[in-house]
**Student:** 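Okay, here's the structure, questions in a sec.
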Amino acid sequence: MTLGALLLAGVTLIAQPAAAATPATIAYAQATQTWQLVLTDGDVVEVPQALVKTPKDWANGGEEAPFLISGDGRHLFYYRKSDGLFVTRTLNGKERVVSRKITGVGIDEEWPLVSDDGSYVVTTTSGPGLGTFVDLRNGKVMPPPGKTDTWGFHGFTPDSKRLLLSGDRLTVFDRGLRARMRLKTRLSPWALANDYVTAAEPVGKSDKYRKLRLLNLRTGRVGGTVTLQLPRGQYIDDLDFDQAGRLIVRSQTKTGVATYRVSKATGKVTLLRSVARPDADAWVLPGDESFEWWTLRKTQR
């Protein structure tokens, strides 16, 4: 990957070795009249079949339509213009309907969430609660576990093999929605590591988090609070673990988004990459949920 290609994609990588013949993935998506994919090699791919806004003659006419990219940058998800169905495909693959239960009619009432590898989709609803669970590896569509839609969703593990939900208890489910671990706690973590035990929760004022703590779901033990050494004016906007169990934080900046690796012991942050916001009405990064802070056209809190 050349420096020129990286600059075209609007992505600055920090201390990343060059990799020969690495297949291009999606750096981000942007939308004005139509959705476009900006790839890591600088190419731009149009997605004209994806809804940007719902048609005016729909009951929810004029609403922004969610567009998602899996965290690995290989799968895109969107509402199809032709029939309003929620579909997925890879860069060079064919469209696949995720579930006929997820349609454009539900936009602004239901929001899809996607696992890092693009193989699992969950919808949150305005209920509040959860709606549909779809395992795209086997095509199985499932209702919420326990025949109740009041679950809160806290995230997928990086390996996409577990889901963390909350109800009466914080519960780790496998892909088949079988409960693997339960813990009664008042904490509300944002992320679960691949050990399926370590969870992370931001601490502080909502929308202005600069601290976090870890929770052991097996023992219920809570670690000490760690203050992140983020630049002034930046906060924890997205919190996750990587495949190796290291904490990763994304933070909105004045010009876009920065991604950091975080020391669990000291709160020291190491910049991994930064992405400049394109001049577009909407934009989406791999791993985003619908309408993250940085999708706003202007920096605001």
**Student:** Looking at every heavy atom in both Trp283 and Ala276, which two are closest together, and how far apart are they?
**Tutor:**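 Closest pair (atom of Trp283, atom of Ala276, distance): CZ3-O, 4.1 Å.
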**Student:** Any side-chain heavy atom of Arg210 sitting closer than 4.5 Å to one from Lys205?
**Tutor:**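 The answer is no; the side chains never approach within 4.5 Å.
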**Student:** May I ask you to decide whether Glu201 forms a salt bridge with Arg213, counting only side-chain N to carboxylate O separations under 4.0 Å?
**Tutor:**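 Salt bridge flag = yes for Arg213 with Glu201.
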**Student:** Is there a side-chain contact between Leu217 and Val172 in this structure, where contact means two heavy atoms from C-beta onward sitting under 4.5 Å apart?
**Tutor:**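 Sidechains of Val172 and Leu217: in contact.
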**Student:** Search all heavy atoms of Asp116 against all heavy atoms of Pro158 and return the closest pair with its distance.
**Tutor:**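 In this case the closest contact between Asp116 and Pro158 is CB-O, 3.8 Å.
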**Student:** Just to verify, which of Val284, Ile26, Thr25 counts as forming a side chain to side chain contact (heavy atoms under 4.5 Å, CB included) with Leu37?
**Tutor:**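 Result for side chain to side chain contact (heavy atoms under 4.5 Å, CB included) with Leu37: Ile26.
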**Student:** Among residues at least two apart in sequence or on other chains, which ones pass side-chain hydrogen bond (donor to acceptor under 3.5 Å, both in side chains) with Arg162?
**Tutor:**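 In terms of side-chain hydrogen bond (donor to acceptor under 3.5 Å, both in side chains), with neighbours along the sequence ignored, Arg162 is linked to no residue.
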**Student:** First locate atom OG1 of Thr157, then atom CG of Asp159, and finally report the distance between them rounded to the nearest 0.5 Å.
**Tutor:**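 Separation between the atoms: 4.0 Å.
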**Student:** Go through the side-chain N and O atoms of Tyr196 and Asp174 and say whether any donor and acceptor fall under 3.5 Å apart.
**Tutor:**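 Tyr196 vs Asp174: no donor-acceptor pair found between side chains.
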**Student:** Does His154 reach the main-chain N or O of Pro189 with its side chain, forming a donor-acceptor pair under 3.5 Å?
**Tutor:**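 Flag set: sc His154 to bb Pro189 pair under 3.5 Å.
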**Student:** Is the closest side-chain heavy-atom distance between Leu247 and Leu214 below 4.5 Å?
**Tutor:**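 They are in side-chain contact.
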**Student:** Hydrophobic clustering (ILVMFWY, side-chain heavy atoms < 4.5 Å, transitive) - are Val222 and Val203 grouped together?
**Tutor:**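 No, Val203 and Val222 fall in different hydrophobic clusters.
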**Student:** Under the 3.5 angstrom rule, does the side chain of Glu63 hit a backbone N or O of Thr54 as a donor-acceptor pair?
**Tutor:**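 Side chain of Glu63 to backbone of Thr54, a donor-acceptor pair under 3.5 Å: no, none is there.
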**Student:** Only one of Val197, Leu215, Thr171 clears side chain to side chain contact (heavy atoms under 4.5 Å, CB included) with Leu183; which?
**Tutor:**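 Exactly one pass, corresponding to Leu215.
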**Student:** What's the shortest heavy-atom distance between Ser99 and Val134, and which atoms?
**Tutor:**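 Nearest heavy atoms, Ser99 then Val134: CB-CG2, 3.9 Å.
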**Student:** Can you tell me if CD on Gln33 sees more than 12 non-hydrogen neighbours from other groups inside 6.0 Å?
**Tutor:**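 Check fails, neighbour count at 12 or below.
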**Student:** Picking from Val141, Val114, Thr88, what satisfies side chain to side chain contact (heavy atoms under 4.5 Å, CB included) with Leu136?
**Tutor:**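 Looking at Val141, Val114, Thr88, the match for Leu136 under the side chain to side chain contact (heavy atoms under 4.5 Å, CB included) is Thr88.
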**Student:** Do any pairs count as a ring-ring contact (aromatic ring centres under 6.0 Å, His included) and have a residue in residues 244-278, sequence neighbours left out, and if so which ones?
**Tutor:**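 Listed by first then second residue: nothing to list.
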**Student:** Do the side chains of Trp35 and Tyr78 join up, straight or via other hydrophobic residues, at under 4.5 Å, putting them in one cluster?
**Tutor:**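 In one cluster: yes.
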**Student:** Can you find a heavy atom in the side chain of Leu285 that is under 4.5 Å from one in the side chain of Ile69?
**Tutor:**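 The answer is no, as the side chains (C-beta and beyond) never meet within the 4.5 Å cut-off.
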**Student:** Cut-off 3.5 Å, side chains only: do Ser82 and Gln49 have a donor facing an acceptor?
**Tutor:**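 No - no donor-acceptor pair under 3.5 Å links their side chains.
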**Student:** Using atom types as modelled and distance alone, determine if a side-chain donor or acceptor of Asp195 lies under 3.5 Å from a backbone N or O of Thr198.
**Tutor:**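 Flag set: sc Asp195 to bb Thr198 pair under 3.5 Å.
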**Student:** Among residues at least two apart in sequence or on other chains, which ones pass salt bridge (charged side-chain N to carboxylate O under 4.0 Å, His left out) with Asp135?
**Tutor:**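 Here the qualifying residues are Arg175.
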**Student:** State, to 0.1 Å, how close Pro144 and Gly131 come at their nearest heavy-atom pair, and which atoms those are.
**Tutor:**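 That would be CD-O, 3.0 Å.
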**Student:** For atom CG of Asn92, decide whether the heavy atoms of other residues, nucleotides or ligands shown that lie under 6.0 angstrom number more than 12.
**Tutor:**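 No, because the 6.0 Å sphere around CG of Asn92 holds 12 heavy atoms or fewer from other groups.
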**Student:** May I ask you to check whether Tyr235 and Tyr209 place their ring centers less than 6.0 Å from one another?
**Tutor:**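 That pair fails the under 6.0 Å test.
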**Student:** To check you understand the geometry: which heavy-atom pair defines the closest contact between Asp168 and Lys184, and what is its length?
**Tutor:**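 In this case the closest contact between Asp168 and Lys184 is O-CG, 4.4 Å.
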**Student:** Within this structure, what is the CD-CG distance for the pair Glu292 and Asp237, rounded to the nearest 0.5 Å?
**Tutor:**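 Spacing of CD (Glu292) from CG (Asp237) equals 8.0 Å.
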**Student:** Should Leu76 and Leu68 count as side-chain neighbours, where that means a heavy-atom distance under 4.5 Å?
**Tutor:**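 Contact flag for Leu76/Leu68 side chains = no.
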**Student:** For the residue pair Asn194 / Gln243, report whether a side-chain donor-acceptor contact shorter than 3.5 Å exists.
**Tutor:**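 Indeed, the side chains of Gln243 and Asn194 share at least one donor-acceptor pair under 3.5 Å.
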**Student:** Find the distance between CG (Asp43) and CD (Gln36) and round it off to the nearest 0.5 Å.
**Tutor:**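 Nearest 0.5 Å value for the CG-CD distance: 12.0 Å.
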**Student:** How far does NZ of Lys161 sit from CG of Leu192, to the nearest 0.5 angstrom?
**Tutor:**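 So the NZ of Lys161 and the CG of Leu192 are separated by 13.5 Å.
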**Student:** Check whether any side-chain heavy atom of Val38 sits under 4.5 Å from a side-chain heavy atom of Gln30, and report yes or no.
**Tutor:**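 Result yes, sub-4.5 Å side-chain heavy-atom pair found.
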**Student:** When you group the ILVMFWY residues by side-chain heavy-atom contacts below 4.5 Å and let the links chain together, are Tyr79 and Val121 in the same group?
**Tutor:**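 Result: yes, single cluster for both.
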**Student:** Look at the side chain of Ser166 and the backbone N and O of Leu170, then say whether any donor-acceptor pair between them is shorter than 3.5 Å.
**Tutor:**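 Such a contact is absent between Ser166 side chain and Leu170 backbone.
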**Student:** Calculate, to the nearest 0.5 Å, the distance between atoms OG and NE2 belonging to Ser70 and His75 respectively.
**Tutor:**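 Ser70 atom OG to His75 atom NE2 measures 4.5 Å (nearest 0.5 Å).
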**Student:** According to a 4.5 Å side-chain heavy-atom criterion applied to Ile, Leu, Val, Met, Phe, Trp and Tyr, with indirect links allowed, do Leu91 and Phe67 form part of one hydrophobic cluster?
**Tutor:**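 Yes: a chain of side-chain contacts under 4.5 Å links Leu91 to Phe67.
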**Student:** Using a 4.5 Å cut-off between side-chain heavy atoms of Ile, Leu, Val, Met, Phe, Trp and Tyr, which other residues end up in the same hydrophobic cluster as Leu163?
**Tutor:**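 Leu113, Tyr120, Val122, Leu130, Phe133, Met142, Trp151, Phe153, Phe156, Leu165, Phe173, Leu177, which link up through side-chain heavy atoms under 4.5 Å apart, make up the rest of the cluster.
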**Student:** For Thr259 and Val249, run side chain to side chain contact (heavy atoms under 4.5 Å, CB included): C-alpha distance rounded to whole Å, both residues' side-chain angles, the deciding distance at 0.1 Å, then the answer.
**Tutor:** CA-CA 6 Å; Thr259 302; Val249 163; over 6 Å; no
**Student:** Out of curiosity, does Phe86 fall in the hydrophobic cluster containing Val97 (side-chain heavy atoms, cut-off under 4.5 Å, transitive links)?
**Tutor:**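 Not linked; separate clusters.
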**Student:** Does atom CZ of Arg100 have more than 12 heavy-atom neighbours from other groups under 6.0 Å away?
**Tutor:**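 Result for CZ/Arg100: open.
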**Student:** Between Asp117 and Arg137, is there a side-chain N and carboxylate O pair less than 4.0 Å apart?
**Tutor:**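 Arg137 and Asp117: salt-bridged.
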**Student:** Quick one, Arg218 and Met181 - any side-chain contact, counting heavy atoms below 4.5 Å?
**Tutor:**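 Yes, close enough: below the 4.5 Å cut-off.
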**Student:** Quick one: side chains of residues 101-110, donor-acceptor pairs under 3.5 Å with protein atoms, not counting sequence neighbours, listed by atom name and distance.
**Tutor:**
{"unit_1": "Thr103", "atom_1": "OG1", "unit_2": "Val105", "atom_2": "N", "d": "3.4"}
{"unit_1": "Glu109", "atom_1": "OE1", "unit_2": "Ser126", "atom_2": "OG", "d": "2.6"}
{"unit_1": "Glu110", "atom_1": "OE2", "unit_2": "Thr123", "atom_2": "OG1", "d": "3.1"}

**Student:** Hey, mind stepping through Glu64 and Val52 against side chain to side chain contact (heavy atoms under 4.5 Å, CB included) and telling me if it holds?
**Tutor:** CA-CA 6 Å; Glu64 294 183 354; Val52 176; over 6 Å; no
**Student:** Hey, are the side chains of Gln234 and Val257 touching, using non-hydrogen atoms and a 4.5 Å cut-off?
**Tutor:**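 A side-chain contact under 4.5 Å is absent here.
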**Student:** Drop me the distance from Glu95's CD to Phe77's CZ, to the nearest 0.5 angstrom.
**Tutor:**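 If we round to the nearest 0.5 Å, Glu95:CD and Phe77:CZ are 12.5 Å apart.
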**Student:** If you take all heavy atoms of Thr125 and Trp111, which pair is closest and at what distance?
**Tutor:**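 Heavy-atom minimum between the residues: C-CZ3, 3.7 Å.
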**Student:** Among all residues two or more places apart in sequence or in another chain, which pass the salt bridge (charged side-chain N to carboxylate O under 4.0 Å, His left out) test with Arg169?
**Tutor:**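 By the salt bridge (charged side-chain N to carboxylate O under 4.0 Å, His left out) rule, Arg169 matches no residue at all.
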**Student:** Other residues, nucleotides and ligands only: do more than 12 of their heavy atoms fall within 6.0 Å of NZ on Lys81?
**Tutor:**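 Counting neighbours around NZ of Lys81, more than 12 heavy atoms of other residues, nucleotides or ligands fall under 6.0 Å, so yes.
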**Student:** Are Arg250 and Asp288 ion-paired here, with the side-chain N under 4.0 Å from a carboxylate O?
**Tutor:**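 A salt bridge links Arg250 with Asp288.
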